[in-house]
Amino acid sequence: MHREGSGVDVCFEKQGKSPPSCPHGPTLLFQRYEAEGTLRRFYACSACRDRKDCNFFQWADEKVTPARQQAREEYNRNTQPPHSHKHYYHRYKKVKKLKEHDRHFCKDCNLLLLQEEQQDHHGHDTVSPVSTDMLTNPSRLLTPMENKKTNAQYLFSEKAVTFTLSCLKELEFNKVLCVGTPRLHEAVTSMKMKRGSSSDWHSLLLDIDYRYEQFYSPNQFCRYNMFNHYFFDGRASQSVFEDFLCCAEDEKLVIVTDPPFGCLVEVLAKTVGKISEAWRNANSGLSHEELPVLWFFPYFMEPRMAEFCPTFSMLDYKVEYDNHVLYQSGPKGRKKGSPVRIFTNIEPRRVKLPKEEGYRFCNPCQRYVAEENVHCKKCNSCTSKDGRPYVHCDKCTRCVKASRVHCDECNQCQLPGHKCGQISTGCHICGELGHKRRECPDRHVKIRKRKLGDDKEMKSVSNQKQYKILKQKTKQKSLKSHKVFTPK
């Protein structure tokens, strides 16, 4: 799935027919800008950034034969996990009864091993003994899928989990819908196990990683694609999800989500909207309420969040991750700290950030801010975003990064040594503000000129064989230009 600068946009228009499906559920509809200002629409996977990981591609107007449809459905079935959720969890209960030194986990097969199976995995990369703590916290046992184009599983640090739990407790939430946040789900589940029936905390994990089916019952985990709101186990999982949304008088629900940082915000915002609508339908008297959300995302995505989630604001808290060097503090981390923040539709003044980490309350802004975030009287706001103090530019009438200097030719602050006239903050076609590429009045002209330029370049190749090769490469590049994002 592409961002706006790539020539491909996602479409949310109703088509009158169900979209085709790939192994990751219903596909998404995209539109690509082609020659003569025309648009061509196609379906592609919602969960994979690279077609090498999911090669589904179908033009929107393409007719699919019954034989091809049948082959596609069979392929989708064959690419699912070898066992059902119930079967995996039944194995888990058997393994849990064993003594710790008799428990084995095969990292090559991502499988908890029964005693009679251990010999079959001789020579594999296995973990033994498997402690009860490992079974309770499977994210510390499983190898994170760190393929950035398919599965980018970056896991919360202990400090991030502790802060989030204390924040939820302070806000009196006791039901947590964990969308792509296994570490938080583990913490809530562990706390509930320690306190027993006296705990009023409940958590449900929605994640695309099927490996968690081995550690949680169908009432604790649903395999789920957050980018098309798809439950892999169908109606059974959807019923668990709907039941979880129902809240008693003493229950307060919150969504905590940690999506891939390369995702299209409008896609996930649509999913959050669907969950909110289901929550309102499940609870009478909430027809005008907004479901509270904590959305973990980089600070530089704030403009996109403001566009598609206008009720959300960004908190200053720097979220750290265990398995990403740049997203943690310390000598190997970024000097400015992690770039990941929390976006929420909860009033910022209600979310208390830890004073022991340098955060403080700003009275004029009515929110907690980072130590380096100094209040600007001219902007009437604490303006720092990236972990460094900002400075006010009177010519720009706003605060900017301290490394920027004002350029009179560009009429804005830029890095020293920049080339003037190369910055555009408006439409990707004409550069004007106030509209997007798809509404640009010059769209037809610009695309036609670009197409003519490509043809001229191809015809300049004297060798006919080189011409054919170049033409074929250009065609392949065009077809592969719909790279999509993936769940973490």
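Judged by distance alone, the side chain of D125 and the main-chain N or O of K107 form no donor-acceptor pair under 3.5 Å. Side chain of R367 to backbone of R349: no donor-acceptor contact under 3.5 angstrom is found. Counting only distance, with no hydrogens or angles, the side chain of Q115 and the backbone of D102 share no donor-acceptor pair below 3.5 Å. Side-chain atoms of D9 do not come within 3.5 Å of backbone N or O of Q31 as any donor-acceptor pair. Side chain of Q220 to backbone of S217: a donor-acceptor contact under 3.5 angstrom is found. With N373 contributing its side chain and V369 its backbone, the two residues share no donor-acceptor pair below 3.5 Å. Side chain of E251 to backbone of A248: a donor-acceptor contact under 3.5 angstrom is found. For R51 (side chain) and C45 (main-chain N/O), no donor-acceptor pair under 3.5 Å exists by modelled atom type.
Figure legend: K270 and F12 shown as a cation-pi pair, the cationic atom lying under 6.0 angstrom from the six-membered ring centre and within 45 degrees of its axis.
For Y368, the side chain to side chain contact (heavy atoms under 4.5 Å, CB included) partners at least two apart in sequence or on another chain are K352, L353, F361. Every side chain to side chain contact (heavy atoms under 4.5 Å, CB included) that H83 has, sequence neighbours left out, goes to H87, Y88. T162 meets the side chain to side chain contact (heavy atoms under 4.5 Å, CB included) test with E158; sequence neighbours excluded. With sequence neighbours left out, the side-chain hydrogen bond (donor to acceptor under 3.5 Å, both in side chains) criterion links T189 to no other residue. With sequence neighbours left out, Q69 forms a side-chain hydrogen bond (donor to acceptor under 3.5 Å, both in side chains) with E73.
Between Y321 and F261, the angle of the ring planes goes over 60°, which puts this pair in the perpendicular group of the 30/60° scheme. In this structure, F232 and Y230 have perpendicular ring planes: the angle between them is above 60°, well past the 30° mark. The aromatic rings of F296 and F156 are tilted relative to each other, their planes meeting at an angle between 30° and 60°.
No side-chain heavy atom of S128 sits less than 4.5 Å from a side-chain heavy atom of T126.
Other residues, nucleotides and ligands contribute only 12 or fewer heavy atoms inside 6.0 Å of the NZ atom of K94. Other residues, nucleotides and ligands contribute over 12 non-hydrogen atoms within 6.0 Å of the NZ atom of K252. Counting heavy atoms of neighbouring residues, nucleotides and ligands inside a 6.0 Å radius, atom CD of E356 exceeds 12 of them. No more than 12 heavy atoms of other residues, nucleotides or ligands lie within 6.0 Å of CD in E172, so this atom counts as exposed by the packing criterion. Counted within 6.0 Å of NE2 on H90, heavy atoms from surrounding residues, nucleotides or ligands total 12 or fewer; the atom is thus considered open.
Between R341 and D386 the shortest heavy-atom distance is NH2-C, 3.7 Å. The two residues N76 and C22 come nearest to each other via the heavy atoms OD1-C, 3.5 Å. The minimum heavy-atom distance linking E213 with F221 is given by the pair CG-CE2, 3.4 Å. Closest approach of T136 and S190 over heavy atoms only: CG2-OG, 3.1 Å. What you find for L155 and P182 is that their closest heavy atoms are CD2-CG, 4.0 Å. Between L113 and E117, the shortest heavy-atom contact is CA-OE1, 3.8 Å.
Electrostatic pairing of E307 and R304 counts as a salt bridge here, judged by a charged N lying under 4.0 Å from a carboxylate O. No salt bridge links R280 with E289; every basic N to acidic carboxylate O contact stays at or beyond 4.0 Å.
Annotation: ring pair (Phe, Tyr, Trp, His ring centres under 6.0 Å) contacts involving residues 234-257, sequence neighbours excluded, comprise H229-F241, F231-F241.
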Exercise. Carefully, step by step, assess T271 and Y224 under the rule side-chain contact (heavy atoms from CB on, under 4.5 Å).
Key: CA-CA 12 Å; T271 295; Y224 174 78; 3.2 Å; yes

Self-check item: ring pair (Phe, Tyr, Trp, His ring centres under 6.0 Å) evaluation trace for F30 with F42
Solution: CA-CA 5 Å; F30 298 87; F42 61 89; 5.6 Å; yes

Self-check item: Evaluation steps, side-chain contact (heavy atoms from CB on, under 4.5 Å), between L114 and L98
Solution: CA-CA 9 Å; L114 303 176; L98 300 175; over 6 Å; no

Practice problem: Test R360 against E371 for salt bridge (charged side-chain N to carboxylate O under 4.0 Å, His left out), laying out the working first. | Solution: CA-CA 7 Å; R360 56 185 169 75; E371 187 176 14; over 6 Å; no

Quiz item: Checking salt bridge (charged side-chain N to carboxylate O under 4.0 Å, His left out) for the pair R183/D258: CA distance, chi angles, key distance, verdict?
Solution: CA-CA 11 Å; R183 280 278 169 91; D258 185 27; over 6 Å; no

Practice problem: Go through the steps to decide whether E186 and S139 satisfy the test side-chain hydrogen bond (donor to acceptor under 3.5 Å, both in side chains), and finish with yes or no. | Solution: CA-CA 8 Å; E186 291 169 1; S139 70; 2.9 Å; yes

Self-check item: Derivation and outcome, side-chain contact (heavy atoms from CB on, under 4.5 Å), residues C178 and L206
Solution: CA-CA 6 Å; C178 299; L206 306 182; over 6 Å; no

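Of the N and O atoms on the side chains of S46 and N225, at least one donor lies less than 3.5 Å from an acceptor on the other residue. In this model, a donor atom of one side chain and an acceptor atom of the other lie less than 3.5 Å apart for S203 and H185. Side-chain contact of Q58 with R72: a donor-acceptor pair under 3.5 Å is present, judged by distance alone. With hydrogens and angles left out, the side-chain atoms of T311 and E290 include a donor and acceptor closer than 3.5 Å. Side chains of R103 and Q118: a donor-acceptor N/O pair is absent below 3.5 angstrom, by distance only.
Taking the six-membered ring for Trp and the full ring otherwise, the centers of Y43 and F57 sit at least 6.0 Å from each other. The distance between the ring centers of Y216 and Y89 does not fall below 6.0 angstrom.
We find the OG1-CE distance between T257 and M226 to be 4.5 Å, quoted to the nearest 0.5 Å.
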